[in-house]
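Have a look at the structure below before the remarks.
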Number of protein chains: 2
Amino acid sequence: METKQELQQAELNELVLPELKNFKTTPTLVAEALRNGILKGVIRSGQTLRQEELAATFGVSRIPVREAFRQLEAEGLIKIYPHRGAVVSSLSAFEVQELFEIRVPLETTALRLAIPNMTVLDLQKAARILDLADREEASGRWGELNWDFHASLYAPAARPRLLAMLVNLEQNVDRYMRLVLTGLDYQQHSQAEHRELLAACRDKDIEKAVALLTGHIEAAGQKLTAYLRQSEEPKPV
Amino acid sequence: METKQELQQAELNELVLPELKNFKTTPTLVAEALRNGILKGVIRSGQTLRQEELAATFGVSRIPVREAFRQLEAEGLIKIYPHRGAVVSSLSAFEVQELFEIRVPLETTALRLAIPNMTVLDLQKAARILDLADREEASGRWGELNWDFHASLYAPAARPRLLAMLVNLEQNVDRYMRLVLTGLDYQQHSQAEHRELLAACRDKDIEKAVALLTGHIEAAGQKLTAYLRQSEEPKPV
DNA sequence: AATTGTAAAATTGGATACAATATCCATCAT
DNA sequence: ATGATGGATATTGTATCCAATTTTACAATT
């Protein structure tokens, strides 16, 4: 009797706790708005974020804005310079390269853990995303679907913390990646690699899948860093 | 003349010192204090952090405390429950295992990148830390030196972002690791593994070093999760 | 006696106002 | 033109107030 009640209590608690987290407070909402703005390119790299201005546009006071700043800084999206303001962090070619160097071992780890857990449904979902991406080549949504595909492969790993880190890393390079993604040839090449990768997952061939994923991420990194390096070349005076 | 100037310099330096301290803003200082408190075990897992109480003890207002909360939450050290307060996050055995699963690929990546860059000085420094750790077996400082050794191996990689991620991961498991580190047999075993690892680095044998490091981290993870699992067994009345 | 309902206290969330400090920028003298 | 100076601007931090929510305590009902 009592044990049953205790079990129910434990179950309910686990259901309620994440629910409480979902109560979004103003700082969280502001942080989400700013994050979206940064990721969608509405707020550009290097732009300074003025507390009062943002507070006015969001219709809130400065306090939630400042708390949002702290959160975004911890995520690496902005950088707070004391008494000078917060600026959207801009990454150098070297820093982008470092992020890709981190992504390779982390994403392959996620994939390794995921493949044994992949169900037919998981594979179907990933395939559906790829088909969707084919039809969205022109629009800006392709980049989003690109990540959705990757995320759908890692989800079966059931490692929330690892996935959160990957999402964060992706967000940090996403703004820059858009510059490269515009090329249609890259999209088609990437889609082909995705299909190869998905096939390897379907065959449960972990080593092949990992090798493909490694090459895929490294290629994207090379493309992006090359682009950034040439953009950085023209030195002022 | 010169003495006068030197005196002025000294005076100016004394004026500048508090200025340098001001480089860190109050929320950052509060965050550091809380982080230290959590890492050193002064603030225990599950404990709720009351804004007003902390503001009073630090002699500041609630606002910097709240900003510090946001920062620490992003680091994973605390969790903010809206309207209910912030609590020091406690990790389950599964969550600790996930963190170790992440550490392995990341730390080995750092090591791979570091070994080619290691100078004789780097190796000497690492060896010195090991010798120091031998003499600090009893004290609580051993855990600190344990990480210092690892960090000294990764530093030559010159990947600031990667190192920051590793520091954060280490901080998250550190509190729990202390429970295991108390065993003297573990310390001696760990030290032996460290010396093997250092030797491999000295030989620039990347694959051997990576294999040793992988085993070393996985063993620590196994030890800790096993401990936590048995601690979690006894269910609270 | 146990459960339910309600009111009050405590705590957090947020806004406004104000003081202090640092930075930026235009002006001025050399 | 160059560098210093002072004010404008922006950020930081604090205090005070009120709203919202949670928790606690107490009363009421069954």
Side-chain angles (χ1 to χ4, degrees), chain A residues 1-2 5-6 8-9 12-13 15-34 43 46-74 77-89 237, chain B residues 5 8 12-34 43 46-74 77-89:
Chain A
M1 287 283 221
E2 284 158 38
Q5 277 191 0
E6 280 168 28
Q8 279 185 359
Q9 282 254 340
L12 287 177
N13 272 333
L15 282 174
V16 165
L17 274 172
E19 209 70 44
L20 282 174
K21 184 197 166 188
N22 273 358
F23 268 55
K24 288 181 181 177
T25 176
T26 309
T28 308
L29 291 173
V30 172
E32 282 178 12
L34 289 176
I43 312 173
Q47 188 172 337
T48 71
L49 304 171
R50 276 186 289 278
Q51 296 182 0
E52 216 141 0
E53 184 188 318
L54 289 172
T57 56
F58 288 126
V60 299
S61 79
R62 274 170 33 218
I63 285 130
V65 174
R66 292 178 52 156
E67 292 185 26
F69 278 6
R70 293 279 163 192
Q71 198 174 325
L72 293 175
E73 188 183 37
L77 290 179
I78 72 172
K79 187 136 180 46
I80 298 174
Y81 295 97
H83 296 106
R84 294 185 62 182
V87 302
V88 180
S89 54
V237 187
Chain B
Q5 278 192 357
Q8 279 186 358
L12 286 177
N13 272 333
E14 292 208 346
L15 283 174
V16 164
L17 271 173
E19 294 274 303
L20 283 174
K21 185 191 171 187
N22 266 8
F23 209 75
K24 288 178 181 178
T25 180
T26 311
T28 308
L29 291 172
V30 172
E32 282 178 12
L34 289 176
I43 312 174
Q47 187 172 337
T48 72
L49 304 171
R50 275 185 291 279
Q51 296 180 1
E52 216 143 359
E53 183 188 318
L54 290 171
T57 55
F58 288 126
V60 299
S61 79
R62 270 172 29 191
I63 285 119
V65 174
R66 289 175 54 166
E67 291 184 26
F69 278 5
R70 292 278 161 191
Q71 198 173 326
L72 293 175
E73 188 185 37
L77 291 179
I78 72 172
K79 191 140 180 42
I80 298 175
Y81 295 98
H83 294 106
R84 294 188 61 181
V87 301
V88 180
S89 55

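In the text below, chain A, chain B and the rest are named by the order of the sequence lines, each starting its count at 1.
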### Task
Measure the shortest side-chain to side-chain distance between A:Thr28 and B:Arg70 over non-hydrogen atoms and say whether it is less than 4.5 angstrom.
yes

### Task
Can you measure from OG1 (A:Thr57) to CD (A:Glu52) and round to the nearest 0.5 angstrom?
11.5 Å

### Message
Rounding to an integer number of Å, can you tell me how far A:Ile63 CD1 sits from D:dG13 P?
### Response
12 Å

### Task
Determine: side-chain N/O of A:Gln51 to OP1/OP2 of D:dT12, distance under 4.0 Å, yes or no.
yes

### Message
Quick check for you: among C:dG14, C:dT11, D:dT12, whose closest atom lies nearest to any side-chain atom of B:Arg50?
### Response
C:dT11

### Summary
Of A:Arg84 and A:Pro64, the one whose nearest nucleotide on DNA chain C sits closer to the 5' end is A:Pro64

### Message
Measuring to OP1 and OP2 of C:dT12, would you say a side-chain N or O of A:Thr25 lies under 4.0 angstrom away?
### Response
no

### Query
Roughly how many Å is it from CD in B:Glu53 to C1' in C:dA10, rounded to a whole number?
13 Å

### Query
Start at the 5' end of DNA chain D and walk down; is the nucleotide closest to B:Val60 or to A:Gly85 reached first?
A:Gly85

### Query
Roughly how many Å is it from CD in A:Glu52 to C1' in D:dG13, rounded to a whole number?
14 Å

### Query
Are B:Phe69 and A:Glu67 close enough that some pair of their side-chain heavy atoms sits under 4.5 Å apart?
no

### Task
Would you check if B:Leu54 and B:Leu49 make a side-chain contact, meaning some heavy-atom pair closer than 4.5 Å?
yes

### Task
Round to the nearest Å and state the distance from A:Arg66 atom CZ to D:dA10 atom C1'.
12 Å

### Query
In whole angstroms, how far is the C1' atom of C:dA15 from the CG atom of A:Leu54?
17 Å

### Candidate nucleotides D:dT12, C:dA15, D:dT14, ranked by approach to the side chain of B:Ser61 - the nearest
D:dT14

### Nearest-nucleotide pick for A:Pro27, side chain only, options being C:dG14, C:dT12, D:dT14
C:dG14

### Task
Nearest 0.5 Å please: distance from the OG1 atom of A:Thr26 over to the CD1 atom of A:Ile63.
11.0 Å

### Interatomic distance where CZ belongs to B:Arg62 and P belongs to C:dG14 [whole Å]
11 Å

### Task
Grab the CD-C1' distance between B:Glu67 and D:dT11 for me, whole Å please.
11 Å

### Task
Using atom NZ of A:Lys79 as one end and atom C1' of D:dT11 as the other, report the distance to the nearest whole Å.
16 Å

